[in-house]
Amino acid sequence: MHSRTTQSGPDAAAGLEASIASATEALLGYRRPDGHWVFELEADCTIPAEYVLLRHYLGEPVDTVLEGKIANYLRRVQGAHGGWPLVHDGDFDMSASVKAYFALKMIGDSPDAPHMARAREAIRSRGGGIHSNVFTRFMLAMFGVLTWRSVPVLPVEIMLLPMWSPFHINKISYWARTTIVPLMVLAALKPRAKNASGIGIDELFLQAPHSIGMTAKAPHQSWGWFLLFRGLDSVLRVIEPLFPKSLRARAIERAVAFIEERLNGEDGLGAIYPPMANTVMMYEAFGKPADYPPRAVTRRGLDKLLVIGEQEAYCQPCVSPVWDTALVCHALIEAGGAEMPAMKQGLDWLKPRQVLDVKGDWAVKRPEVRPGGWAFQYNNPYYPDLDDTAVVVMAMDRARQAGGAAKDGFDGAIARGREWVAGMQSRNGGWGAFDADNTFTYLNYIPFADHGALLDPPTADVSARCIGMLMQLGYRRDDLTVARAIAYLKRDQEEDGSWFGRWGTNYVYGTWSVLCALNAAGEDPQLPYIRKAVRWLIARQREDGGWGEDGASYWREQRALCKESTPSQTAWAVLGLMAAGEIDHPAVRRGIDYLLNHPRRDGQWVEPWYTAVGFPRVFYLRYHGYCHYFPLWALARYRGLRRSNTKQVTYGL
């Protein structure tokens, strides 16, 4: 770590203005012709590896150019430990390493090549492919590497269970629901990949792969619950073949109806890669040809997730245009000036994407609530989310407050968004991302849930955004909805004063989110629990003036791990401290200096680190836009508050 010199006076002010101007100009350069923004959304190696394996599962013609570029990407992100990590410069991960090795071998890399030999040794030295997770085992079973005895029983007859049953698809999260439904059909049909080259990976196992049985207990699972569900799995494994064929046929029909109602054009089932890929494989298992419309349109949607460069290519897990555009609009509002028309055009692009006519899966729990949310992707009407909706509504409200052409254009959209968010509050006072009261915690102990992310319970970061939105729209601190939400946040605070970040890495993200909400709610920043959060943030500042957290912080024993400061996480920390009234604190000034001095390319900050999350400990995300708009947002807000007489943040985010 390196110390930085804190500047003050005219030179510092000029540097701040120049940085804001150059970052704003660069951000505007990413705008699409119709006024929206969408940046690359990168996960780990598993999605591009799965894309390659999907092509070979389907027996598609080999695209040597595309696969060669994906191979270049996979080789580049291989870790120094020989395997593949879940985040930039991260630790070895077994499932990611098995998939990446399999994909490279499928593409044509020789097992004797140095990078393949290193990967094989890394995998075998850690016990071998037997330690792969459930999703990887399903893929390996379809390729014949493992048998179907190695995966949990996932009977498609689940589709026929009533809502009161212990397991129902509406009791799990949207991402799990859309992934599992086509996977249950695949588990019933037990198809075999075409795999024309006959590639296998037996060499990654220390035992005969076909001898491998069920998965072991995951670290988050208690022995009592796990053994109970393991026993149930054993019973199901015996009786499943005895299920009446008519019952199975009816269950498959119900599953296909569920999928086809939500196919969502080229945006795909759930608008995320795993359900889309499972859907294509399901149609292949049915014997539907490549040009069968539901299969063909979903397959085209998968290709739309590719990012293809001159030398490398990878596949995104989904796209984030609504999230990116809304956050860019907030940053531009902070920057102000000539950029306001671009911001207004971005909000105009967002307005018609509000879901007003589809009662998605969320309505199972809230049938009386009218739709009014926004989805994360271009189109995903069955699955709008609370986080995007709150951020969009707050941006529209800020534009409305600014007057001009935006003064009256967003009133209806804001009102419906507010109504939907308020109606989706969970019983404990918080908000989940996509559903209300998705808190059936026992389901995370079933053998299938070794990733521990089967549910979508309320979280501090999403709840904070919803509180901020409601307060910005005129709710009072003593309104029951807000009072219950703040009580939830107080209960959810960590012992050290921070808040957990479910959708951003990690405690810096959660603490920033909550401090902004508490400021909007009018909480006295001198209250002990807020002071405790401020002290935690200040104590986490690094010698270089920045903040950073590693994806490994989602393991309790590594929660303080930080390999390097990052621009996006530094921006969150600075925004959080300013929301708590610490505009003049030296930590804020040092954080601003870090952002001013951090290396930039073409006006934008450089950040290879993953600072977002799909599933903690399992699946992480790198939003390429985060280092574009969050640092600009922090610098512009700092400038605005320094100029202000009140030095008070007046918005919910």
Side-chain angles (χ1 to χ4, degrees), residues 42-56 62 64-137 139-140 143-146 150 193 195 197-209 212 215-216 307 309-315 550-552 555 558 561 563-564 608-610 617-622:
E42 185 178 1
D44 55 68
C45 69
T46 58
I47 299 296
E50 287 175 14
Y51 176 84
V52 170
L53 295 170
L54 173 67
R55 293 181 63 94
H56 289 265
V62 175
T64 55
V65 174
L66 175 60
E67 290 193 357
K69 290 182 177 183
I70 293 175
N72 289 340
Y73 173 86
L74 292 175
R75 294 186 203 107
R76 178 176 62 81
V77 299
Q78 186 176 11
H81 40 60
W84 279 264
L86 297 177
V87 296
H88 174 73
D89 195 28
D91 294 337
F92 172 93
D93 181 79
M94 181 60 74
S95 294
S97 299
V98 168
K99 287 180 179 177
Y101 180 96
F102 197 3
L104 286 171
K105 188 175 179 183
M106 192 71 76
I107 290 169
D109 283 17
S110 169
D112 296 325
H115 67 285
M116 296 290 278
R118 287 195 300 113
R120 186 168 58 255
E121 173 57 27
I123 291 167
R124 290 177 61 86
S125 67
R126 291 167 173 83
I130 191 174
H131 297 297
S132 298
N133 64 23
V134 164
F135 285 113
T136 304
R137 285 170 172 245
M139 183 266 294
L140 294 178
F143 273 88
V145 176
L146 300 178
S150 70
N195 189 9
S197 302
I199 300 297
I201 51 169
D202 287 8
E203 66 270 21
L204 299 185
F205 295 84
L206 304 185
Q207 58 283 101
I212 293 172
T215 57
V307 175
E310 291 186 8
Q311 302 296 325
E312 293 184 352
Y314 72 93
C315 188
D550 191 88
W555 280 270
Q558 300 188 74
L561 183 63
K563 294 179 180 176
E564 189 171 316
W609 302 92
Y610 285 50
R617 301 181 298 277
V618 177
F619 189 69
Y620 296 91
L621 300 169
R622 177 190 172 203

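Worth knowing before you read on, the calculation uses all heavy atoms, side chains too, and leaves out hydrogens, waters and symmetry mates.
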Report task. Evaluate the side-chain contact (heavy atoms from CB on, under 4.5 Å) criterion for residues Tyr314 and Arg76: first the C-alpha distance (whole Å), next the side-chain angles of each, then the deciding distance (0.1 Å), finally the verdict. Result -> CA-CA 12 Å; Tyr314 72 93; Arg76 178 176 62 81; over 6 Å; no
Query raised in the report: Does the side-chain contact (heavy atoms from CB on, under 4.5 Å) test come out yes or no for Val307 and Glu42, once each step is laid out?
Result: CA-CA 9 Å; Val307 175; Glu42 185 178 1; over 6 Å; no
Query raised in the report: Under the side-chain contact (heavy atoms from CB on, under 4.5 Å) criterion, do Leu140 and Phe102 qualify, and how do the steps go?
Result: CA-CA 10 Å; Leu140 294 178; Phe102 197 3; 3.9 Å; yes
Report task. Evaluate side chain to side chain donor-acceptor pair (under 3.5 Å) for His56 paired with Glu67, printing each intermediate quantity in order. Result -> CA-CA 11 Å; His56 289 265; Glu67 290 193 357; 3.0 Å; yes
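Tyr620 and Tyr610 have their aromatic ring centers separated by at least 6.0 angstrom.
Side-chain contact between Gln558 and Asp91 is present, with at least one heavy-atom pair separated by less than 4.5 Å. With contacts defined as side-chain heavy-atom distances shorter than 4.5 Å, the pair Ile201/Val98 qualifies. Phe619 has its side chain out of reach of Leu86: every pair of non-hydrogen atoms, C-beta onward, lies at least 4.5 Å apart. Side-chain atoms of Asp202 and Val145, non-hydrogen and from C-beta on, do get closer than 4.5 Å to each other. Between Phe135 and Thr46 the shortest side-chain heavy-atom distance does not fall below 4.5 Å. Put simply, the side chain of Met139 does not reach to within 4.5 Å of the side chain of Glu50, judged on heavy atoms. Side-chain contact check for Glu564 versus Asp89: every heavy-atom pair is 4.5 Å or farther apart. Arg137 has its side chain within reach of Ile212: a pair of non-hydrogen atoms, C-beta onward, lies under 4.5 Å apart.
Trp609 and Arg622 make their closest contact through O-CG, 3.7 Å (heavy atoms, listed as atom of the first residue, atom of the second, distance). Leu204 and Tyr101 make their closest contact through CD1-CD2, 3.5 Å (heavy atoms, listed as atom of the first residue, atom of the second, distance). Closest approach of Gly83 and Pro85 over heavy atoms only: O-CD, 4.2 Å. Smallest separation of non-hydrogen atoms from His115 and Gln78: O-NE2, 3.0 Å. Scanning all heavy atoms of the two residues, the minimum distance from Leu74 to Ala103 falls at CD1-CB, 4.0 Å.
Ionic pairing of Glu203 and Arg120 is not present here: no N-O contact between side-chain nitrogen and carboxylate oxygen is shorter than 4.0 angstrom.
Summarising the geometry, atom CE belonging to Met116 is positioned 14.0 Å from atom CD belonging to Glu121; distances are rounded to the nearest 0.5 Å. To the nearest 0.5 Å, the span separating CZ on Phe205 from CZ on Arg124 amounts to 10.5 Å. Taking CG of Leu53 as the reference point, atom NZ of Lys105 lies at 12.0 Å (rounded to 0.5 Å). In this structure, the separation between SG on Cys45 and CG on Leu104 is 9.0 Å, given to the nearest 0.5 Å. With rounding to the nearest 0.5 angstrom, the CE atom of Met94 is 11.0 Å from the CG atom of Asn133. The structure places CG of Leu54 at 11.0 Å from CD1 of Ile47, a figure rounded to the nearest 0.5 Å.
Taking the six-membered ring for Trp and thresholds of 30 and 60 degrees, Phe92 and His81 have ring planes more than 60 degrees apart, a perpendicular arrangement.
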